Amino acid sequence: MTSDPSYYRWTQWIFLRLFSHWYDKAADKARPVEELIAHFRQHGTHGLQAFSAEYRSFSAQEWSSMSPVDQAEILMNYRLAYRKESFVNWCEALGTVLANDEVKDGLSERGGHPVERKPMLQWSLRITAYAERLLGDLEKLDWSDALKTMQRNWIGRSEGAQVFFRLDGHQQCLEIFTTRPDTIFGVSFMVLAPEHEWVQLLTTPDHKEEMDAYLTYVKTRTERERQSEVKQVTGVFTGAHAIHPFTGELIPVWVSEYVLKDYGAGAIMAVPADDERDRAFAEKFQLPVPEIIDRKEWPDAGREDRRGWLVNSGFLDGMLIPDAIEAVIRRLEQEGCGARRVNYKLRDALFSRQRYWGEPFPIVYNRDGVAVPVPDDQLPVTLPDLDNFQPTKEGKAPLARLAEWVQLADGSMRETDTMPGYAGSSWYFLRYMDAGNATSFAGEEELQYWKEVDFYIGGTEHAVGHLMYARFWHKFLFDLGRVPTAEPFRRLVNQGMIQGVIESLWLAREKKDGSHYFLSADLLEEKDRSQYVAIPVLIDFVRDYGTDLSYLDGEGLGKFVAWRPEYKEAIFECGQGVWQNGQFMPKKAGAVSSRMVTYSEVGKMSKSKFNVINPDDVVATYGADCFRMYEMFLGPIEQSKPWDTKGIDGVSKFLRRFWAMYVGEDGKMLLSEDAPGREMERILHQTIRKVRDDLERLSLNTCISHFMICLNELRRLECRSAAVLEPLIRLLAPFAPHITEELWHRIGHQGSVHLAPYPEADPELLLADEILYPVSINGKKRAELMAPRETAPSDLERAALSLPDIQRWLLGLEVKKVIVVPGRMINIVAG
RNA sequence: GCCGAAGUGGCGGAAUGGUAGACGCGCUAGACUCAAAAUCUAGUGUCAGCAAUGGCGUGCGGGUUCGAGUCCCGCCUUCGGUACCA
């Protein structure tokens with residue numbers, strides 16, 4: 001649906017709104033760019049509180065004298081959809097950009113080619129402008145705490161200070177962010193991210209060679225690796241020095257991959273005395289570690305507890321940490337070399353993809369290269385047909401191949417990147433409210449009627465991706481007055497993931513005799529594991545799928561290399577022999593067939609893992625109702641588990657028996673108008689109550705078992721009474737929508753069963769006349785007692801004590817106390 | 001490391017502090033059938049016993065309680081999330 005032009009027309013439309021709006025921090029909402037331009041014209045940047053990437057100030061006059069190209073560039077700093085240089089995982093050999101998922105240990109998952117971090121001009125969405133609201137509004141939502149915590153951590157708000165350090169021999173000041181400005185007297189070095197724009201500028205000639213080598217090394221490392229290998233400390237000295245704002249001391253400036261470009265200012269002041277990473281770095285490179293916090297009074301306190309007295313810290317000496325933080329910020333502000341600052345871990349969302357399948361951007365570039373929106377009345381910009389979906393040699397998106405599509409008559413050129421999957425998925429729920437609307441993404445009246453999504457059931461895998469983007473788009477549309485609520489999803493429950501088994505082959509990192517070399521999983525020893533990369537295999541090729549010994553036979557290997565031509569000539573070491581180019585060469589006589597064991601692990605079912613099981617097959621065999629009920633029956637909704645059809649027959653039997661209750665083998669209806677027995681009514685009403693209760697707490701698996709129990713009992717009673725069986729259809733309708741609808745019509749109703757009222761339990765009919773009491777001695781059950789519902793506790797006690805079994809057990813014991821819980825149990829305390 | 005969740009038969013799982021293992025799968029036996037499938041009936045935690053019956057049983061060790069899978073304390077294990085976040 002999101003890939004249909006009549007839908008993505010509105011995705012493009014929303015994108016253009018994002019493009020033409022900026023975030024006003026004073027009003028705390030998005031406003032049209034025209035208003036920003038008006039402000040620039042009158043006041044320049046004076047008095048402006050806007051969310052932007054760079055802080056630049058200019059006067060009204062300076063603005064007016066700028067060229068249109070320069071003005072456009074300035075505006076890009078403010079637009080909510082904007083273009084900037086971003087780092088991507090570039091794979092030269094494949095000529096494409098890869099997702100973090102597709103890169104393993106610096107090599108592409110496909111083919112094992114080197115991948116490097118490369119800056120490219122990309123569209124991004126300024127979600128960071130909404131960070132505070134995305135954080136604050138979480139409070140109002142009826143979501144699980146686990147999910148809220150995840151979003152909070154992802155947004156990662158931290159309070160601290162930005163500090164500017166003058167640089168020795170340079171004009172510029174180096175900006176850093178710290179949550180602990182009080183430790184400023186403990187700074188013994190500075191660290192820049194390798195991508196920091198001043199690395200080249202600051203590196204002195206005698207350190208240049210070492211720095212270039214280091215930067216080359218860092219390029220081969222993905223962000224994920226840089227963040228996961230905590231133990232290895234690497235870095236290079238630039239040769240430059242910063243000047244301490246209070247002491248005037250010279251502080252060496254280093255570059256290290258442990259500092260990330262996109263967080264804070266991309267540079268830190270390192271305080272080895274109070275930061276583990278800084279300390280490890282100082283130890284490795286023998287930098288001083290000045291002590292500045294005295295924690296003697298709080299021996300158990302960690303860094304996070306912020307307990308301690310400041311020492312060796314100039315004017316901060318003798319202060320407690322929280323007081324020192326306040327004092328130092330005040331002083332930094334007075335001296336104009338720093339300010340209080342709130343920082344977020346959340347980063348702007350990369351919105352460009354160099355792929356074919358995606359919504360085209362409704363953007364053209366004029367002769368000056370300025371991005372210009374396609375007018376609303378020319379939307380949608382549709383995805384043109386293409387016969388080659390590869391990126392171009394220069395790394396441009398596949399659409400760039402279509403010169404006649406890209407090049408417009410007036411000399412301007414179309415954007416050739418496409419939008420990512422989450423573009424369409426960020427607002428689809430709004431389209432459901434008014435799917436056919438041709439003049440708006442959804443009509444105002446419809447939006448007012450439906451408002452937001454009352455109840456959203458989704459997997460945790462969307463916790464910080466989809467759910468964050470959708471909230472952001474929704475808030476933006478709310479600012480525009482286009483949706484009535486500030487949040488899209490009021491209540492949210494995380495269902496467990498249906499997992500799959502991921503099957504992979506081990507590929508050696510090093511080629512053997514110039515060929516790719518795969519090793520059967522049963523032959524790989526633990527110690528050699530780091531020398532191999534797991535290459536996922538389409539599970540259709542695998543024999544004994546899901547077992548420890550799942551494998552590819554010769555046929556499977558043939559399919560594998562046909563599917564992955566880059567491994568056409570690879571060597572497959574199978575143990576008993578070697579398979580290559582469709583031939584199996586046994587090592588010794590007697591080995592007949594190849595058996596390439598795959599590595600199996602339970603994980604999410606995902607297109608990228610090639611382990612998706614299509615429910616169509618199950619639906620074709622068992623029907624959609626059965627599939628639906630079996631999924632419910634599997635277990636608690638929030639629990640993840642691998643997909644397994646082992647128990648599906650039970651549900652299938654239930655549905656067939658259910659049908660057989662109503663319809664005879666000759667197709668005739670079996671219902672009678674006879675008055676139902678009391679027991680039948682009780683069974684029905686107890687089932688109604690239990691199903692309603694369990695539905696309320698989303699315990700769907702127990703609902704299904706209540707239906708099974710109900711059916712078993714009604715079958716035992718040979719129930720045909722319409723007074724019982726008619727409400728039962730309505731009760732089952734949400735669980736088995738098709739079969740119930742069919743039965744509903746067969747028993748003579750016209751409308752849909754799904755519009756009929758849901759049955760309510762009659763409390764009068766719920767209670768059984770007799771209750772079977774367990775009789776325990778000291779908490780151990782020794783006998784049972786059947787008694788009428790209204791029996792008084794004292795009578796129950798007498799009856800229990802007189803049971804023969806109980807008398808036998810009580811021989812030689814003294815009864816000390818009898819506990820009777822009416823309707824529940826009887827316990828005799830004896831000793 | 002931190003945060004979160006969970007440990008119950010051969011398996012998926014059930015149990016407001018009150019009969020542990022509901023319901024289903026699987027398995028065993030029987031009925032129907034020439035036979036099989038399908039269907040139906042019965043049994044199925046474990047140990048001892050022909051049986052009646054009894055002992056033991058919810059990861060491990062303690063505790064609270066008339067009574068603990070459930071509550072409390074301490075451990076173990078597994079799964080999920082997350083991490084050079086300055």
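Keep in mind it's a predicted model, so treat the numbers as computed, not measured. Computed from heavy atoms alone, side chains included, the values below leave out hydrogens, waters and symmetry copies. So you know, we letter chains A, B, ... as the sequences are listed, proteins then strands, and number each from 1.
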Residue pair D348(A) / T128(A), side-chain donor-acceptor N/O under 3.5 Å: yes
Pairs touching residues 685-710 of chain A that satisfy ring-ring contact (aromatic ring centres under 6.0 Å, His included), sequence neighbours left out: F707(A)-F735(A)
Where at least one partner belongs to residues 806-819 of chain A, residue pairs that pass salt bridge (Lys or Arg N to Asp or Glu O under 4.0 Å), sequence neighbours excluded: D805(A)-R808(A)
Sugar-phosphate, base or nothing in reach of R697(A), heavy atoms under 4.0 Å: sugar-phosphate
Closest nucleotide among C40(B), A22(B), A86(B) to the L260(A) side chain: A86(B)
Separation of the C1' atoms in G55(B) and A6(B), to the nearest angstrom: 31 Å
C1'-based separation of G1(B) from A20(B) [nearest Å]: 38 Å
Pairs meeting criterion side-chain hydrogen bond (donor to acceptor under 3.5 Å, both in side chains) with involvement of residues 628-637 of chain A, two or more places apart: none
Results of side chain to side chain contact (heavy atoms under 4.5 Å, CB included) for R716(A) - residues two or more places apart only: E679(A), E713(A)
Set of residues satisfying ring pair (Phe, Tyr, Trp, His ring centres under 6.0 Å) with respect to F185(A), sequence neighbours excluded: H244(A), F246(A), F315(A)
Just list the side-chain donor-acceptor pairs under 3.5 Å for residues 154-164 of chain A, sequence neighbours left out, or say none.
| unit_1 | atom_1 | unit_2 | atom_2 | d |
| --- | --- | --- | --- | --- |
| R157(A) | NE | E132(A) | OE1 | 3.0 |
| R157(A) | NE | E132(A) | OE2 | 3.3 |
| R157(A) | NH1 | E159(A) | OE2 | 2.8 |
| S158(A) | OG | Y263(A) | OH | 3.2 |
| Q162(A) | NE2 | E175(A) | OE2 | 2.9 |

Working for salt bridge (Lys or Arg N to Asp or Glu O under 4.0 Å), residues E784(A) and K781(A): CA-CA 8 Å; E784(A) 287 176 343; K781(A) 186 195 149 195; 3.2 Å; yes
For R656(A), all residues meeting side-chain hydrogen bond (donor to acceptor under 3.5 Å, both in side chains), sequence neighbours excluded: S652(A)
Pair assignment for RNA chain B - dot-bracket with | for other-strand partners, Watson-Crick or G-U under 3.5 Å: (((((((..(((.....[....)))((((((.......))))))((((....))))..(((((..]....))))))))))))....
Between G67(B) and C56(B) - P atom distance, rounded Å: 16 Å
Integer angstrom distance from the C1' of G24(B) to that of A14(B): 11 Å
Residues which pass ring pair (Phe, Tyr, Trp, His ring centres under 6.0 Å) with Y662(A), listed by chain and number, not counting sequence neighbours: F658(A)
Same-atom distance (P) from C27(B) to A37(B), integer angstrom: 11 Å
C1'-based separation of G13(B) from G26(B) [nearest Å]: 14 Å
Polar atom pairs between nucleotides 6-13 of chain B and protein, under 3.5 Å, N or O only, would you list them?
| unit_1 | atom_1 | unit_2 | atom_2 | d |
| --- | --- | --- | --- | --- |
| C11(B) | O2' | K646(A) | NZ | 3.3 |
| G12(B) | O2' | L634(A) | O | 2.7 |
| G13(B) | OP1 | Q639(A) | OE1 | 3.2 |
| G13(B) | OP1 | K641(A) | NZ | 2.8 |
| G13(B) | O3' | N701(A) | ND2 | 3.4 |

Pairwise P distance, G43(B) and G9(B) [rounded to whole Å]: 23 Å
Identify the pairs formed between an N or O of the protein and an N or O of nucleotides 17-21 of chain B at a distance under 3.5 Å, and give each distance.
| unit_1 | atom_1 | unit_2 | atom_2 | d |
| --- | --- | --- | --- | --- |
| U19(B) | O2 | K781(A) | NZ | 2.9 |
| U19(B) | O2 | E784(A) | OE2 | 3.4 |

Nearest-Å distance for atom pair NE2/P, residues H706(A) and C23(B): 12 Å
Sugar-phosphate, base or nothing in reach of R341(A), heavy atoms under 4.0 Å: nothing
Sugar-phosphate, base or nothing in reach of R152(A), heavy atoms under 4.0 Å: nothing
Candidate nucleotides C66(B), U39(B), A86(B), ranked by approach to the side chain of R656(A) - the nearest: U39(B)
Touch class at under 4.0 angstrom, heavy-atom based, for R657(A) against every strand present: sugar-phosphate
Sugar-phosphate, base or nothing in reach of K653(A), heavy atoms under 4.0 Å: sugar-phosphate
Sugar-phosphate, base or nothing in reach of N712(A), heavy atoms under 4.0 Å: sugar-phosphate
D348(A) CG - C85(B) P separation (whole Å): 21 Å
Distances under 3.5 Å only, N/O to N/O: pair up the protein atoms with those of nucleotides 53-56 of chain B.
| unit_1 | atom_1 | unit_2 | atom_2 | d |
| --- | --- | --- | --- | --- |
| G54(B) | OP1 | W809(A) | NE1 | 3.3 |
| G55(B) | OP2 | R782(A) | NH1 | 3.4 |

Nearest-angstrom distance, P atom, A68(B) to U19(B): 12 Å
Pair F281(A) + W254(A): ring centers closer than 6.0 Å: yes
